[in-house]
Amino acid sequence: MGRKVVIVGGVAGGASAAARLRRLDEDVEIIIFERGEYISFANCGLPYYIGEVIKRKDKLIVQTPDEMKERYNIDVRIKSEVTKILPAEKKVEVYDISSGKTYTENYDKLILSPGAEPVRLPIPGIDSPGIFTVRNIPDTYRIKEFVDKNSPKRALVVGGGFIGLEIAENLHQRGIKVTIVELADHVIGSLDYDMAAIVHQHLKSKNIELYLKNAVKSFNHTENCIIAELTNGRQLKTDMVVMGIGVRPETKLAMEAGLRLGPTGGIYVDENMLTSDPDIYAVGDAVEVRDFISGNPALIPLAGPANKQGRIAADNICGRNEKYSGTQGTSIVKVFDITVASTGNNEKKLKKIGIDYEKSFTHSPSHAGYYPGAIPMSIKLLFDKKEGRILGAQIVGYEGVDKRIDVIATAIRARMTVFDLEKLELAYAPPYSSAKDPVNIAGYTASNILKNDSGIFHWHDVAAIDMNKSVLIDVRTPAEYSLGTIEGAINIPLDELRDRLGEIPSDKDLYIFCQAGLRGYIAYRILVQKGFKNVRNLSGGYKTYQLAIQKQSHEDIYEHDKIMEDDDIKPARHISPDTRVKEESDG
């Protein structure tokens with residue numbers, strides 16, 4: 001008698017595991033249980049349907065149950081919720097939502113792919129109508145139907161992560177005034193503050209209202225709107241709310257079955273994706289993975305790793321002994337006109353695990369400067385101080401960001417160093433790159449630091465400079481200097497530097513800066529070879545400094561949308577999710 005593999009949950013992990021199983025074993029019986037209606041859908045594309053960038057519903061469906069049956073001979077049972085796992089009996093208990101009946105199904109091997117659920121905090125009034133989360137296709141349909149039917153003028157997005165920013169952009173695309181509220185001091189948690197500062201300024205340019213270091217304290221409603229009270233006391237009037245404050249692994253089934261959970265709260269799996277039960281595998285957003293940089297347990301919910309994990313679980317069920325080597329968190333997001341990408345660890349993670357690291361900032365054109373349309377991209381590189389091993393990278397720009405982050409992500413996976421980045425031979429033609437690609441430039445810059453060819457200081461070091469013992473020298477042109485500089489800096493343009501060395505005191509620390517870092521580096525090389533000591537160049541130049549020190553939030557831009565004293569504020573009432581769905585569909 002043939003083997004039977006039961007898979008709980010579809011989408012990236014479960015559907016990938018099922019397809020791989022069939023390709024490896026034509027005779028294995030495969031059953032997928034999915035509590036929703038959709039077994040395999042483009043969850044990363046959901047915000048773009050709301051914004052009507054993706055116009056047809058069917059474009060969101062990757063595979064239907066009938067297609068899975070026809071191509072792969074897989075038994076897909078939608079609207080079927082697995083409510084219990086019985087490991088000792090090797091059975092699952094299944095609730096058929098359509099019929100209301102419960103039955104059991106036995107298995108030889110079980111794969112859990114329950115995913116992660118949106119975090120829904122116990123905020124008073126959070127269950128009121130007009131407040132949404134985004135996890136699946138029905139959620140997306142509800143939001144789009146609300147927008148289509150009610151033509152809201154204002155929307156509040158709670159959370160400035162990937163999903164929050166994508167929702168904000170797509171609601172803005174529909175002509176809605178959007179406010180984002182984020183608890184942290186910057187958006188996109190995988191970025192560091194100094195790189196997120198670029199994103200903040202871009203959001204400002206799009207008239208997105210942005211409240212940082214704030215959270216929603218409560219929701220109330222009037223006859224015509226929802227009122228969100230922030231922790232700083234501000235009250236915001238809005239027509240709709242989308243909660244995008246993150247996700248947490250769905251572990252209820254696993255926990256009740258006695259499976260081990262890891263220290264992060266995700267389902268524990270070994271490198272074969274096997275749980276603490278020898279017949280149960282787990283994949284996707286619900287599992288705890290190993291951070292590729294540190295080796296520490298982590299929760300990193302991304303579609304790419306989920307697909308790979310599903311494939312590996314299937315391989316191991318078929319006796320192939322494949323191992324998952326960890327997740328490095330490579331991610332990318334479109335934020336209006338710019339692209340934001342990261343890979344590896346950021347500074348917060350590196351500090352937490354105690355790695356002695358250095359960083360560099362470079363601002364390189366996306367392609368050859370003499371070819372029309374070249375636009376600078378900002379690259380932050382994080383690397384080990386001793387050996388130069390690449391620990392992480394963050395890139396913000398317009399064109400070519402995806403290409404560069406993938407190159408660096410590959411370098412990290414290969415455990416390469418910044419010295420290796422110098423040597424990479426990358427594709428070059430004027431419309432696409434420069435003879436020295438931005439990745440090469442990042443490698444040169446980091447290598448110069450480690451070789452002591454360039455002493456540096458960072459934007460956050462400026463405030464601590466003792467001006468009695470130091471001199472700040474702006475080597476940009478007088479025109480650039482007149483438009484803004486670091487307080488206390490004197491202007492000696494680079495091209496005049498050799499002739500004006502007598503103006504520079506030899507007994508003081510010298511802090512050099514230009515706009516992006518290159519001219520400052522050249523000035524540094526001149527000065528140290530002329531015998532000056534204790535010279536440092538500002539990494540990333542005035543551009544990085546100026547972006548990081550300016551105001552990051554963008555508050556009170558919709559003054560006419562604030563609360564007036566005569567608004568009829570009603571206390572929040574608790575409404576169950578089922579009732580809320582019915583009310584919204586009934587209009």
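Heavy-atom basis, side chains included; hydrogens, waters and symmetry copies ignored.
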Check residues 368-379 and write down every donor-acceptor pair under 3.5 Å in which the side-chain atom is one partner and the other belongs to a residue at least two apart or another chain.
{"unit_1": "Tyr370", "atom_1": "OH", "unit_2": "Tyr428", "atom_2": "OH", "d": "3.1"}
{"unit_1": "Ser378", "atom_1": "OG", "unit_2": "His363", "atom_2": "ND1", "d": "2.8"}

Review item, side-chain donor-acceptor pairs of residues 531-539, under 3.5 Å, at least two apart:
{"unit_1": "Asn534", "atom_1": "ND2", "unit_2": "Asp509", "atom_2": "OD1", "d": "3.4"}
{"unit_1": "Asn537", "atom_1": "ND2", "unit_2": "Gly517", "atom_2": "O", "d": "3.2"}
{"unit_1": "Ser539", "atom_1": "OG", "unit_2": "Phe361", "atom_2": "N", "d": "3.0"}

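- Checked for salt-bridge contact, Glu387 and Arg415 miss the test: no charged N lies under 4.0 Å from a carboxylate O.
- A ring pair (Phe, Tyr, Trp, His ring centres under 6.0 Å) check over residues 281-337, counting only residues at least two apart or in different chains, returns the pairs His172-Phe336.
- Using modelled atom types and a 3.5 Å distance limit, the side chains of Thr445 and Asn448 yield no donor-acceptor pair.
- A salt bridge is absent between Lys386 and Asp384; no separation between the charged side-chain nitrogens and carboxylate oxygens falls under 4.0 Å.
- Distance CG/Leu302 to OG1/Thr330: 8.0 Å, rounded to 0.5 Å.
- Residues His367 and Tyr432 share a closest heavy-atom pair of CB-C, 3.5 Å.
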Could you list the donor-acceptor pairs under 3.5 angstrom formed by side chains in residues 463-472, with sequence neighbours left out?
{"unit_1": "Asp466", "atom_1": "OD1", "unit_2": "Asn468", "atom_2": "N", "d": "2.9"}
{"unit_1": "Ser470", "atom_1": "OG", "unit_2": "Asp466", "atom_2": "O", "d": "2.9"}

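- Annotation for Gly284 and Ala306: closest pair CA-CB, 3.8 Å, computed over non-hydrogen atoms.
- Applying the salt bridge (Lys or Arg N to Asp or Glu O under 4.0 Å) test to every pair with at least one member in residues 483-495, sequence neighbours left out, gives no pairs at all.
- No salt bridge links Glu166 with Lys334; every basic N to acidic carboxylate O contact stays at or beyond 4.0 Å.
- Interatomic distance, OG of Ser433 versus CG of Asn440, reported as 7.5 Å (0.5 Å rounding).
- Residues in residues 434-456 take part in these salt bridge (Lys or Arg N to Asp or Glu O under 4.0 Å) pairs, two or more places apart or across chains: Arg404-Asp437, Glu422-Lys451.
- Contact annotation: the side chain of Ile473 approaches that of Ile504 to within less than 4.5 Å [non-hydrogen atoms, C-beta and beyond].
- Put simply, the side chain of Val418 does not reach to within 4.5 Å of the side chain of Ile449, judged on heavy atoms.
- Using a 4.5 Å heavy-atom cutoff, the side chains of Val335 and Leu203 are in contact.
- Sorted by first and then second residue, the ring pair (Phe, Tyr, Trp, His ring centres under 6.0 Å) pairs with a member in residues 384-407 form an empty list; sequence neighbours excluded.
- Nearest heavy-atom pair, Ala341 versus Val401, reported as atom, atom and distance to 0.1 Å: CB-CG1, 3.8 Å.
- Under the 4.5 Å side-chain criterion, counting only non-hydrogen atoms from C-beta, Glu358 is in contact with Ile456.
- Residue Ala393 comes nearest to Ile405 through the heavy atom pair O-CD1, 3.9 Å, listed as atom of the first residue, atom of the second, then distance.
- The existence of a salt bridge linking Asp185 and Lys213 is excluded, since no basic side-chain nitrogen approaches an acidic carboxylate oxygen closer than 4.0 Å.
- Between Glu250 and Arg135 there is a salt bridge, since at least one side-chain N of the basic residue sits less than 4.0 Å from a carboxylate O of the acidic one.
- Applying the side chain to side chain contact (heavy atoms under 4.5 Å, CB included) rule to Lys351 yields the partners Glu347, Tyr357; only residues at least two apart in sequence or on another chain are considered.
- Residues Glu117 and Pro249 fail the side-chain proximity criterion, which asks for heavy atoms closer than 4.5 Å.
- Pro297 meets the side chain to side chain contact (heavy atoms under 4.5 Å, CB included) test with Pro263, Thr264, Glu288, Arg290; sequence neighbours excluded.
- Using a 4.5 Å heavy-atom cutoff, the side chains of Ile512 and Val475 are in contact.
- In this structure, Ile390 CD1 and Gln328 CD are separated by 10.5 Å, a value rounded to the nearest 0.5 Å.
- The ring pair (Phe, Tyr, Trp, His ring centres under 6.0 Å) test applied to His202 returns no partner, not counting sequence neighbours.
- The aromatic rings of Tyr193 and His200 sit perpendicular, their planes meeting at an angle over 60°, well past the 30° parallel limit.
- Between Phe419 and Lys423, the closest heavy-atom pair is O-NZ, 3.1 Å.
- Figure legend: cation-pi geometry between Arg389 and Phe383 absent, as NZ or CZ is not positioned both under 6.0 Å from the six-membered ring centre and within 45° of its axis.
- Scored by the side chain to side chain contact (heavy atoms under 4.5 Å, CB included) test, Leu24 finds Arg20, Asp315, Cys318, Arg320 as partners (sequence neighbours excluded).
- Between Leu261 atom CG and Thr251 atom OG1 the span is 5.0 Å, to the nearest 0.5 Å.
- With a 4.5 Å cut-off on side-chain heavy atoms, Met273 and Lys308 do not count as touching.
- Under the rule for a side chain to side chain contact (heavy atoms under 4.5 Å, CB included), the partners of Gln394 that lie at least two apart in sequence or sit in another chain are Leu191, Asp192, Met195, Ser342, Asn346, Lys380, Leu382.
- The structure places CG of Leu112 at 10.5 Å from CD1 of Ile7, a figure rounded to the nearest 0.5 Å.
- Counting only heavy atoms from C-beta outward, the side chains of Lys323 and Asn272 approach each other to under 4.5 Å.
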